[in-house]
Amino acid sequence: MNFDLFFENKLDQLKNEGRYRVFADLERQAGNFPKAYVHRNGEVKEITVWCSNDYLGMGQNPKVLEAMRSALDEHGAGAGGTRNISGTNHYHVLLEQELAALHGKEAALLFTSGYVSNMATLSTLAANMPNAIVFSDSDNHASMIEGIRHSRAEKRIFKHNDPEDLARLLAQAPANSTKIVAFESVYSMDGDVAPIAELCDVADKFGAMTYIDEVHAVGLYGPNGGGITDREGLSDRLTLIEGTLAKAFGVMGGYIAGSRALIDFVRSYSSGFIFTTALSPVLAAGALASVRHLRNSQEERVAHQAAARKLKTKLKAAGFPVMENDTHIVPLMVGNPTCCFYASEHLMDKYGIYVQPINYPTVPRGTERLRLTPTPYHTEADMDFLLDALDDTWNQCGIRAIA
Ligand code: PLP
């Protein structure tokens, strides 16, 4: 077999469908976020990033940078191995205590990313608990889906954000099964929010465990930045809360928080925790500074929500098809993968605006979009410039005609 020919054909398929992924070659400018330099077509130019998940700009927060610098100087670059082999760095302990407190849980456990935390935890729980069945929201993230698949446990998919459908499926499950209900709080592509209390009511009725992914909400919602569960006073209704240190907290890493026994169980049985090198102490120190800051400061959260509201209002007033939601995510609908790709290219080339096209399988076919993520650092002038650029782009790419 000609292996390369096989790979090239598969890549051509993606290109023909207009969903071959191209990543901008960026240098973020610390202290000047959301500005960055892009390396493109042999040139370097300054651009404005409109699609970062560093939602609050914590990746350039002086406290975070200082914590990382001093951890690097004092402790060196890496963790030196898995925690199983090389021990736990003290920053891991401090960060896990902070994360447990953030969610009002007894304990927390760190992973190298949010993806790994979902994948490792769901696979460990569903593979080990007796006769486990996972009840998974139809819009759950790939990392949860992979974790469930890897466990080889049975899976039942309930309609997105639909407690009644969940109840219907739970009622059909054998009495002797362990039931795990897995969902997210803020869905990152549509920006809609789960009916958490209602889903927990249903889960409680059937004695099910509740697993929530708060990746797009931690740092951003609630008086402590503990996510939607924090905002709604629901943390104790969830058996397990999963989050990331890579988005609103601006660094890298993932975690789960729950009861001491649950966390110790995952720590002791999860391959995805045990057999991989621990997070660098530099990352852990930065994340610790970020979580501590956002537990006390409301300033970034308030400015973030205001920026999202302002951008949505401007876009709607100008007649752009913004998907309605109550969160910080601003999906601008295009509805065609090729148009979406060319719109993104045009914005970058002509206006120095970076917004990544979102195509299938990240979103269903026909709902391709530009996903804008305004931060506290995008100015009103940035927004007005974006609007003018979008207006031209919509005309140039013929998007008005298809929308
Ligand atoms: N869960 C959700 C809902 C996500 O959107 C993502 C990443 O985008 C993850 C988990 C993975 O988190 P991380 O980027 O920290 O790996």
Side-chain angles (χ1 to χ4, degrees), residues 21 23 28 49 51-56 58-59 64 95-96 99 102-103 108-123 125 134 136-150 157 160-161 181-194 196 199 210-221 225 227-229 238 240-257 270 272-273 276-280 283-284 286-287 290-291 294 325 327-331 355-364 369 371-373:
R21 291 168 200 258
F23 305 137
R28 296 196 346 153
V49 179
C51 53
S52 175
N53 280 343
D54 183 358
Y55 292 124
L56 303 178
M58 290 302 285
V64 173
L95 181 53
E96 284 173 349
L99 291 167
L102 173 69
H103 294 293
L109 189 68
L110 285 170
F111 295 83
T112 43
S113 72
Y115 188 102
V116 174
S117 59
N118 270 334
M119 161 90 191
T121 306
L122 276 168
S123 65
L125 292 174
V134 187
S136 178
D137 185 285
S138 61
D139 284 10
N140 273 346
H141 188 253
S143 54
M144 298 164 90
I145 296 169
E146 281 302 315
I148 299 163
R149 186 178 294 156
H150 190 74
I157 297 174
H160 178 54
N161 279 350
V181 177
F183 54 99
E184 301 177 22
S185 60
V186 173
Y187 286 84
S188 68
M189 292 301 142
D190 292 356
D192 55 337
V193 177
I196 301 174
L199 292 170
T210 45
Y211 183 113
I212 195 165
D213 172 318
E214 285 253 46
V215 160
H216 291 276
V218 288
L220 302 177
Y221 296 93
I228 303 287
T229 47
L238 281 304
L240 187 152
I241 298 176
E242 184 271 346
T244 186
L245 302 166
K247 301 191 194 292
F249 292 125
V251 189
M252 191 180 179
Y255 65 90
I256 55 170
S270 168
F273 171 78
T276 186
T277 296
L279 215 56
S280 151
L283 294 172
S290 185
V291 176
L294 289 176
N325 64 48
T327 61
H328 57 283
I329 292 163
V330 184
V355 51
Q356 182 78 356
I358 308 282
N359 287 344
Y360 175 83
T362 310
V363 293
R369 66 197 70 178
R371 175 181 179 271
L372 298 163
T373 51

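When a ligand or atom number is given, it counts from 1 through the structure's own listing order.
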Leu245, portion touching ligand 1 at heavy-atom distance under 4.0 Å
neither

Under 4.0 Å from ligand 1, counting heavy atoms only, is it the side chain of Met144, its backbone, both or neither?
neither

When you check the side-chain N and O atoms of Thr121 and Glu242, is any donor under 3.5 Å from an acceptor?
no

Quick one: nearest non-hydrogen protein atom to [atom], plus distance?
atom                    : value
atom 13 (P) of ligand 1 : Gly114 N, 3.4 Å
atom 1 (N) of ligand 1  : Asp213 OD2, 2.6 Å
atom 7 (C) of ligand 1  : Lys247 NZ, 3.2 Å
atom 5 (O) of ligand 1  : His216 NE2, 2.6 Å

Of all the atoms in ligand 1, which lie at a distance below 4.0 Å from a heavy atom belonging to [X]?
X      : value
Glu184 : 3 (C)
Tyr115 : 11 (C), 12 (O), 13 (P), 16 (O)
Asn118 : 1 (N), 10 (C)
Thr244 : 13 (P), 15 (O)

Donor-acceptor pair, [X] side chain versus [Y] backbone, under 3.5 Å?
X      : Y      : value
Ser123 : Ala120 : yes
Ser290 : Gly286 : no
Glu214 : Thr229 : yes
Asp213 : Met144 : no
Asn53  : Ala246 : no

Pairs of nitrogen or oxygen atoms closer than 3.5 Å, one from Ala246 and one from ligand 1: do any exist?
no

Within the structure, does Asn53 bring an N/O atom to less than 3.5 angstrom of an N/O atom in ligand 1?
no

Who gets closest to atom 2 (C) of ligand 1 by heavy atom: Met119, Met252, His141?
His141

Is it true that Glu242 lies under 4.0 Å from ligand 1, counting heavy atoms only?
no

Does Ser143 have a non-hydrogen atom less than 4.0 Å from ligand 1?
yes

For a quick test of reading the model, state the closest non-hydrogen atom pair linking Ile329 to Met189 and the distance between them.
CG2-O, 4.3 Å

Sole candidate of Val134, Leu240, Ile256 that passes side-chain contact (heavy atoms from CB on, under 4.5 Å) when paired with Leu125:
Leu240

Partner set under ring pair (Phe, Tyr, Trp, His ring centres under 6.0 Å) for Tyr187, not counting sequence neighbours
His160

By salt bridge (charged side-chain N to carboxylate O under 4.0 Å, His left out), Asp54 pairs with (sequence neighbours left out) Arg28

